[in-house]
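Throughout, protein chains are lettered first and strands after them, A, B, ... in sequence-line order, and every chain is numbered starting at 1.
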Number of protein chains: 2
Amino acid sequence: MTRIPAPERREALVQAALRVVAERGVAAATTRAIVAEAGMSLASFHYAFVSRDELMTELINFVVDRQENALAPLLVPDGSTRTLHEAVRAGLEHYFAVLRAYPQREKAMLELTQYALRMPDMQPLARRQYDRYRALAASALAGAAKLTGNRWARPVDEVARQLVALTDGLTMAWLVDRDDDAAAVIMDLAADAIVALAEPATTTPSTGHPTPTMTRTS
Amino acid sequence: MTRIPAPERREALVQAALRVVAERGVAAATTRAIVAEAGMSLASFHYAFVSRDELMTELINFVVDRQENALAPLLVPDGSTRTLHEAVRAGLEHYFAVLRAYPQREKAMLELTQYALRMPDMQPLARRQYDRYRALAASALAGAAKLTGNRWARPVDEVARQLVALTDGLTMAWLVDRDDDAAAVIMDLAADAIVALAEPATTTPSTGHPTPTMTRTS
DNA sequence: GTCTATAAAGTGATAGAC
DNA sequence: GTCTATCACTTTATAGAC
């Protein structure tokens, strides 16, 4: 009907595809289901994309970039944070609140990751996805330590890797049994584990000048 | 050709389906691919199962039971274990060795879990799967603590839940980037985190009689 | 019980009118 | 550029010969 530039059509189709994947899964994201969701005809799909594979690739790239923007503000500790433990716990809580509010979104992310792992040419996309998660976590962790007067006893990349692993485990656990109390237990223990990797910051190592900041509060 | 009893045919088809899922993914596990893998004709499939859904349900039940048998011996600490930290690290190492040797197997488990999460009637199967993981982890953790003269400061079910979450995160991380060194980091930190939840066992709480067993060795 | 043949519906992709 | 109509193929499931 109306004439729409190709780039806009591509974006509309990608977003429609994401909705379909979130609501009904990757397997249900057929070209027909996607164009129906976008309110277009089937032919429009192949005008904007040469193939379904091309759309799936763009979809994964899209969600990876989007994830970065969506999660970044959540992991930055706010002014009310006093201890590192509070900051980490708050970050986990924030992540969990999003998971709880939009479970299909995280389910979609997991499915898309596994989809990428099955496609010979898409492994790099899955890696990029996790690299971003970790970079995001690392910068949040670095900021949180700095703000609370701590430093990481391990390379911050390793701490970030652990935080992402814990977050994946939390996500799977909650998606499977939807048990908020059990999720809270995981977050408690995860925060303890992460904070145990930090120590009070000192301007010079081994200085007899401990900062008043606590490494951990239980 | 040859006449085979229905129960045997069902089992053969389930195992063929598992091989197809492991090698090519859930999406590729069509009835045709499965009967080809089993060396049967398409009609034999519908003689043994009324539908593909029925086979998928039986497949998930099958792998859940199988997982229990396959992993149980790996998590029991052997006689050479001296400290709890060694026991936990060895358990993780064992799990990782299996993951590394048969990555398709774990990929298949993850895919089947997500498949179950999308099917309205299969959520209980996914829950049962994780219940078994956790029960298995709990019994291994209880045994390891006992053998090394420790006790869990938290309910062992909570510790087990955390261990399973960490294992899931480890699995996802390794499947995505196949980085053995990064996996070793995750296992190190995971073992530290788990062991931090234990304390030396005392016959009576608050007795001034510490056992010689160390809670943790780094 | 097991096969071949086929039905009925769904899939990605394209042709060709407008 | 956008549509309808359709192709060529795959899917699950069944009929009917043996």
Side-chain angles (χ1 to χ4, degrees), chain A residues 1-21 23-62 111-112 114-116 118-122, chain B residues 1-21 23-60 111-112 114-116 118-122:
Chain A
M1 198 72 79
T2 325
R3 182 169 162 174
I4 301 173
E8 277 182 43
R9 228 169 238 284
R10 284 173 72 97
E11 173 145 358
L13 284 168
V14 164
Q15 298 203 8
L18 181 54
R19 287 196 297 274
V20 173
V21 170
E23 279 157 35
R24 290 184 279 149
V26 170
T30 63
T31 52
R32 282 175 164 81
I34 294 166
V35 296
E37 174 73 28
M40 297 181 196
S41 72
L42 186 53
S44 301
F45 183 97
H46 289 286
Y47 178 76
F49 291 97
V50 296
S51 70
R52 182 176 175 273
D53 264 19
E54 196 196 17
L55 172 120
M56 291 304 288
T57 303
E58 188 146 314
L59 172 57
I60 294 177
N61 275 310
F62 174 75
E111 284 189 27
L112 288 172
Q114 280 178 343
Y115 178 85
R118 284 290 180 191
M119 295 291 158
D121 303 336
M122 292 190 185
Chain B
M1 197 75 76
T2 324
R3 184 169 160 176
I4 300 174
E8 278 183 42
R9 226 169 240 285
R10 283 173 74 96
E11 173 145 357
L13 284 167
V14 165
Q15 297 202 9
L18 181 53
R19 288 196 296 275
V20 174
V21 170
E23 280 157 36
R24 289 183 278 148
V26 170
T30 63
T31 53
R32 281 176 161 80
I34 294 166
V35 297
E37 174 74 26
M40 297 181 195
S41 74
L42 185 54
S44 301
F45 183 96
H46 288 286
Y47 177 76
F49 292 97
V50 296
S51 70
R52 182 177 176 273
D53 263 19
E54 196 195 17
L55 172 119
M56 292 303 288
T57 303
E58 188 146 315
L59 172 57
I60 294 176
E111 283 188 28
L112 288 172
Q114 279 178 343
Y115 178 85
R118 283 291 180 191
M119 296 292 158
D121 303 336
M122 293 191 184

Out of C:dA13, C:dC3, C:dT2, which nucleotide sits closest to the side chain of A:Ser51? C:dA13
Gap between atoms CZ and P, on A:Arg52 and D:dT10 respectively (whole Å): 16 Å
A:Glu37 (side chain) donor-acceptor with A:Val20 (main chain) under 3.5 angstrom: no
Tell me which nucleotide among C:dG12, D:dC3, C:dC3 gets nearest to the side chain of B:Ala43. C:dC3
The side-chain contact (heavy atoms from CB on, under 4.5 Å) partner of B:Tyr115 among B:Val21, B:Ile60, B:Leu59 is B:Ile60
Set out, in order, the CA-CA distance, both residues' side-chain angles and the distance that settles side-chain contact (heavy atoms from CB on, under 4.5 Å) for B:Phe45 and B:Met40, then state yes or no. CA-CA 8 Å; B:Phe45 183 96; B:Met40 297 181 195; over 6 Å; no
Ignoring hydrogens and geometry, is there a side-chain-to-backbone donor-acceptor pair from B:Arg52 to B:Ala29 under 3.5 Å? yes
Give A:Ser41 one of three labels, base, sugar-phosphate or nothing, depending on what nucleic acid heavy atoms sit under 4.0 Å from its own. base
Derivation and outcome, side-chain contact (heavy atoms from CB on, under 4.5 Å), residues B:Met56 and B:Val26: CA-CA 10 Å; B:Met56 292 303 288; B:Val26 170; 4.1 Å; yes
D:dT10 C1' sits how many Å from B:Ile34 CD1, rounded? 15 Å
Return the nearest nucleotide to the side chain of A:Tyr47; candidates are C:dG12, D:dG1, C:dT2. D:dG1
The nucleotide from D:dT14, C:dG12, C:dT2 with an atom nearest the side chain of B:Arg9 is C:dT2
Whole angstrom is fine here: how far is it from CZ in A:Phe45 over to P in D:dT4? 17 Å
Between A:Arg10 (CZ) and D:dT2 (C1'), how many Å, whole number? 18 Å
A:Phe49 CZ to C:dG12 P: how many Å, rounded? 14 Å
A:Ser44 side-chain proximity, nearest of C:dC3, C:dG12, D:dT2: D:dT2
Where the side chain of A:Thr30 is defined as all heavy atoms beyond and including C-beta, which of C:dG1, C:dT11, D:dC3 is the nearest nucleotide? C:dT11
For the pair made of NE2 in B:His46 and P in D:dT11, what is the distance, rounded to whole Å? 12 Å
From the options D:dT2, D:dT6, D:dC3, select the nucleotide whose nearest atom is closest to the side chain of A:Arg32. D:dT6
